[in-house]
**Q** 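Quick one: this structure, given as structure tokens, is what I'll be asking you about.
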Amino acid sequence: MATVELLFSALPEHVRTARLVAAAVARRAGVDEAVLDEVRLAVGEACTRAVGLHMSHGLSSPVRVSLIEDEKKFSIEVGDEAPHRRFSLPGGTLGTGASAAPQAGAKANENGNGPGGGGGLVEAEGALLPGARDEIPEPVPEEEEGDGEMGLAVISGLVDDVEVTTDEHGGVIRMSWPTTEPVLP
């Protein structure tokens with residue numbers, strides 16, 4: 001298992017560098033060329049979200065990006081150190097290792113979105129989970145959180161295998177893609 005780790009200051013101008021590095025390592029790991037644009041976009045969204053969280057919380061710590069090459073998959077983890085709220089769902093809590101995908105048994109919101117509702121929108125104690133097509137409802141303590149949730153929705157649309165974990169010490173977005181035999185130069 002080969003790993004490349006990238007730490008960068010939480011500044012928007014460094015997101016492009018993270019995207020380029022992720023795409024280069026993904027190509028070398030054997031991710032299909034047709035998927036590389038999705039890798040770039042997903043990493044850009046995850047890094048932009050992490051930078052925004054660091055900036056909104058006044059954190060000077062770097063954003064962490066780990067690029068992990070396994071035998072049959074390539075994974076990227078984007079980590080932040082911003083405190084996150086926890087959301088309870090039937091069958092689990094987002095923030096304690098739960099997947100970003102809506103949980104089985106989670107209720108649809110009043111718009112009829114949610115599991116089987118067409119919008120992919122699940123309400124958990126006043127918060128909407130990834131896949132939402134509507135706006136984040138009140139109360140939202142900071143404007144930036146709405147942008148972060150939209151970024152998660154974009155990521156979940158780009159990546160089939162995505163997991164979001166958060167707690168009071170930070171969060172990690174894990175994304176994975178299948179690989180084929182890497183093409184060596």
Side-chain angles (χ1 to χ4, degrees), residues 3-23 25-26 38-68 75-89 92-103 106 109 120-159 161-177:
T3 301
V4 174
E5 290 194 345
L6 175 65
L7 297 173
F8 66 91
S9 301
L11 298 170
E13 54 263 31
H14 296 307
V15 171
R16 182 173 187 264
T17 303
R19 287 174 38 147
L20 293 172
V21 170
V25 175
E38 294 172 8
V39 171
R40 271 190 286 275
L41 288 171
V43 169
E45 288 292 334
C47 289
T48 297
R49 180 178 185 273
V51 166
L53 287 168
H54 276 231
M55 292 175 76
S56 69
H57 287 88
L59 300 173
S60 61
S61 56
V63 172
R64 298 175 321 277
V65 180
S66 297
L67 311 164
I68 305 157
S75 302
I76 298 176
E77 296 179 0
V78 177
D80 65 72
E81 294 183 11
H84 293 265
R85 294 183 300 163
R86 299 173 89 130
F87 306 110
S88 295
L89 290 173
T93 300
L94 180 64
T96 57
S99 171
Q103 302 269 336
N109 70 358
L121 183 64
V122 178
E123 188 171 341
E125 294 183 5
L128 300 180
L129 299 180
R133 293 188 183 143
D134 298 35
E135 293 183 59
I136 303 294
E138 293 300 324
V140 175
E142 297 179 18
E143 183 68 29
E144 290 80 20
E145 283 195 41
D147 293 339
E149 296 301 321
M150 182 59 72
L152 289 176
V154 170
I155 292 167
S156 67
L158 291 168
V159 185
D161 185 10
V162 62
E163 177 184 351
V164 178
T165 55
T166 61
D167 63 20
E168 62 276 359
H169 303 295
V172 175
I173 299 175
R174 288 181 187 85
M175 304 168 281
S176 299
W177 294 268

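Model, not experiment: these values are computed from the prediction.
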**Q** Is any side-chain heavy atom of C47 closer than 4.5 Å to one of R19?
**A**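 Sidechains of C47 and R19: no contact.
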
**Q** Of V39, I155, D161, which meets side-chain contact (heavy atoms from CB on, under 4.5 Å) against M175?
**A**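 Only one of V39, I155, D161 forms a side-chain contact (heavy atoms from CB on, under 4.5 Å) with M175, namely I155.
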
**Q** Could you tell me whether the side chain of H54 and the main chain of D80 form a donor-acceptor pair under 3.5 Å?
**A**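 No: the side chain of H54 does not pair with the backbone of D80.
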
**Q** Using side-chain heavy atoms (C-beta onward) and a distance below 4.5 Å, is H14 in contact with S9?
**A**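 In contact.
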
**Q** Enter the distance from L6:CG to R64:CZ here, rounded to the nearest 0.5 Å.
**A**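 Separation between the atoms: 12.0 Å.
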
**Q** So do the side chains of V25 and I76 get within less than 4.5 Å of each other, counting heavy atoms only?
**A**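 The answer is no; the side chains never approach within 4.5 Å.
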
**Q** Which atom names give the shortest non-hydrogen contact between V43 and A22, and what distance separates them?
**A**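 It is CG2-CB, 3.8 Å.
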
**Q** Do I173 and L152 pass the side chain to side chain contact (heavy atoms under 4.5 Å, CB included) test, and can you show the C-alpha distance, the side-chain angles, and the key distance before you say yes or no?
**A** CA-CA 9 Å; I173 299 175; L152 289 176; 3.6 Å; yes

**Q** For a quick test of reading the model, state the closest non-hydrogen atom pair linking G44 to V15 and the distance between them.
**A**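 Shortest heavy-atom contact: O-CG1, 3.7 Å.
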
**Q** Please report the shortest heavy-atom distance between E38 and L158, naming the atom on each side.
**A**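 Nearest pair, atom of E38 first, then L158: OE1-O, 3.4 Å.
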
**Q** What are the two closest non-hydrogen atoms of A42 and V159, and how far apart are they?
**A**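 Closest approach of A42 to V159: CB-CG2, 3.6 Å.
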
**Q** Find the distance between OG1 (T48) and CZ (R16) and round it off to the nearest 0.5 Å.
**A**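 It is 13.0 Å, given to the nearest 0.5 Å.
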
**Q** Search all heavy atoms of V63 against all heavy atoms of A10 and return the closest pair with its distance.
**A**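 Residues V63 and A10, closest heavy atoms: CG2-CB, 4.1 Å.
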
**Q** Find the distance between CZ (F8) and CD (E13) and round it off to the nearest 0.5 Å.
**A**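 So the gap between those two atoms works out to 10.5 Å.
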
**Q** Closest approach of A50 and V78, non-hydrogen atoms and distance?
**A**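 It is CB-CG1, 4.2 Å.
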
**Q** Does any non-hydrogen side-chain atom of L41 lie less than 4.5 Å from one of E45?
**A**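 Side chain of E45 against side chain of L41, heavy atoms only: no contact under 4.5 Å found.
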
